[in-house]
There are 2 protein chains.
Amino acid sequence: MMLTAAEENYLKAIYHLSDEGRKSVSTNDIAAEMKTKPASVSDMLRKLAEKEVINYRKYYGVNITPEGKKLALQTIRKHRLWEVFLVDKLNFAWDEVHEVAEELEHIQSPLLIQRLDAFLNYPKFDPHGDPIPDEFGDVRARPRIALNEMEINQAGQIVAVKDSSAAFLRYMDKVGAYIGARVKILDKVEFDGSVEILVDQKKSIFMSKDVASNILAIQS
Amino acid sequence: MMLTAAEENYLKAIYHLSDEGRKSVSTNDIAAEMKTKPASVSDMLRKLAEKEVINYRKYYGVNITPEGKKLALQTIRKHRLWEVFLVDKLNFAWDEVHEVAEELEHIQSPLLIQRLDAFLNYPKFDPHGDPIPDEFGDVRARPRIALNEMEINQAGQIVAVKDSSAAFLRYMDKVGAYIGARVKILDKVEFDGSVEILVDQKKSIFMSKDVASNILAIQS
DNA sequence: AAATAAAATTAGATATATCTAAAAAATAAT
DNA sequence: ATTATTTTTTAGATATATCTAATTTTATTT
């Protein structure tokens, strides 16, 4: 099954939207995600349905098929491998890579991706902390680590808190930490285990070991 | 000035054909080079002329403009840098890189090319021995001579092949000739123009004039 | 349940890139 | 200098991907 670049982009969008717990994805949602018009989406859905990568019932939104999911994951794999390449090898900042990876992901060459994967030492996560599917589309469960257990200079993304009491969440809010925040360990104080972290590459915050051990991140 | 991938490919073809000593390049020549139909070429020439990258007088062929030449050289630069990447970093064989580089060359990101160039240590020649234009389009060309035109006992180094089809590259591989090989002309048969050459001071190989004329060397 | 609002689709355009078949222009041959 | 041949261009299709405007279908409100 061969998809055009546009089809790959739509399928990726549908995959991402499906992944947010919806039972089906609407035309308008896809249009918003793709920054395009609903009319264009309708046209494309017909094409994707013909290729059997989505199930499409007019006026009732779409579901991705197993074949579609496999293809979407392959595109995501390519995108994230290229992002690793751009950051690790070409010294791009991690917020500069998306647009270029968006182009590179459509290069059609299984051998290229296989070799790139090896060259990058089979990375499991991209620079944003998102997992890289393997060549079969399998995604590794994200190993979580408490902030106080991360090494200095290690970057990651906050994905959960152990203590989800209102008090703790208020604290999170107050210091500007939140689920999804990109973090980097700036310093660790040996004496008391407190840590200094950089949030979203701009805000530096201090927290006690106790607090840090309640915040879970995935490492980049 | 922004060109589409198709326009870049046509412009590159016109540049290459121009470089063969013609005063102007014909529609048929371009169609042959691009493996497309003359009618398609006519359409594209109109577009390229509108963008002022070629001078086009109907029925009389085209010339590339200075601006067109600059753009063609930029595309060639990207293509050849990617080829170096594929061979040096991803361990592609030098005869496997063309098709992939043909896709990669159309990625639009000046920063990417700048960084790639640095990562590859500013290479001056691609794996086929062809020079890589700098960012201003300047090319450091080496005077090259076909093996069948070298004198007996003349020594040199293979730097490029004219015909880089997979079939020819496989042949090269099979007989033990390769880009970078040291060669010396042992004998030339006047009757059919075939030549005998010594490769790397040990292996003697025999090749027809046809083959020899496709292999380019710099003379020592 | 009828009226209204929202969402989705179709109809009809535009732009790119290609093709075949027909026409026009340039070149070659008698 | 006509005629024939080759080359090139145009006219008209097809396919992709997008748009606006109009229409249809579904969902919501009264």
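Below, chain A is the first sequence line, B the second, and so on; all start at residue 1.
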- Query: Nearest-Å distance, OH (Y56(B)) to P (dT10(D))?
  - Reply: 6 Å
- Is a side-chain donor-acceptor pair under 3.5 Å present for N28(A) with S26(A)? no
- Message: Return the OH to OG1 distance between Y10(A) and T4(A), rounded to the nearest 0.5 Å.
- Response: 10.0 Å
- Taking everything shown except K188(B) itself, do over 12 heavy atoms lie less than 6.0 Å from its NZ? yes
- Query: Expressed in angstrom and rounded to an integer, what is the separation of D43(B) atom CG from dA13(D) atom P?
  - Reply: 15 Å
- Item | Length of the line joining L48(B):CG and dT9(D):P, which is rounded to integer Å | 13 Å
- Task: Return no unless some side-chain N or O of S40(B) is found under 4.0 Å from OP1 or OP2 of dT18(C).
- Result: no
- Message: Can you confirm whether more than 12 heavy atoms, excluding those of K69(A), are under 6.0 Å from its NZ atom?
- Response: no
Between the protein and nucleotides 14-16 of chain D, are there any N/O to N/O pairs under 3.5 Å, and if so, what are the atom names and distances?
none

- Note on the structure: Of R80(A), K78(A), H79(A), the one forming a side chain to side chain donor-acceptor pair (under 3.5 Å) with E105(A) is H79(A)
- Message: Given dT10(C), dA8(C), dA11(D), identify the nucleotide with an atom nearest to the side chain of A39(A).
- Response: dT10(C)
- Query: Quick one: R46(B) CZ to dA11(D) P, roughly how many Å, whole number?
  - Reply: 11 Å
- Is there a side-chain contact between E33(B) and L17(B), using heavy atoms and a 4.5 Å cut-off? yes
Hey, what are the protein-to-nucleotides 24-26 of chain D N/O distances that come in under 3.5 Å?
none

- Message: Any base atoms under 4.0 Å from T27(A), or only sugar-phosphate, or nothing? Heavy atoms, all strands.
- Response: sugar-phosphate
- Task: Hey, can you tell me if F85(B) and W82(A) have their rings parallel, tilted or perpendicular (30° and 60° cut-offs)?
- Result: tilted
- Assess K89(B) against F119(B): is NZ or CZ under 6.0 Å from the centre of the six-membered ring, and within 45 degrees of the ring's axis? yes
- Can you tell me the distance, in whole Å, between the CG atom of N28(B) and the C1' atom of dA25(C)? 14 Å
- For E50(B), does the CD atom have more than 12 heavy-atom neighbours from other residues, nucleotides or ligands under 6.0 Å away? yes
- Task: Only stems of 3 or more consecutive Watson-Crick or G-U pairs count here, both distances under 3.5 Å; name the ones for DNA chain C, or none.
- Result: C:1-30 with D:1-30
- Output, in order, the C-alpha distance, side-chain angles, deciding distance and verdict of side-chain hydrogen bond (donor to acceptor under 3.5 Å, both in side chains) for D163(B) and S165(B). CA-CA 6 Å; D163(B) 174 358; S165(B) 67; 2.9 Å; yes
- Message: Just the rounded figure in Å: distance from C1' of dA17(C) to NZ of K37(B).
- Response: 14 Å
- Task: Rounded off to whole Å, could you give me the CE-to-P distance for the M44(B) and dC19(C) pair?
- Result: 11 Å
- Task: Drop me the distance from I54(B)'s CD1 to R46(B)'s CZ, to the nearest 0.5 angstrom.
- Result: 11.0 Å
- Item | Polar contact flag, side-chain donor to acceptor under 3.5 angstrom, N214(A)-Y171(A) | no
- Atom NZ of K35(A) to atom C1' of dA17(D): distance rounded to whole Å? 18 Å
- Note on the structure: Assign each of P38(B) and T36(A) the nucleotide of DNA chain D bearing its closest heavy atom; nearer the 5' end lies the nucleotide of P38(B)
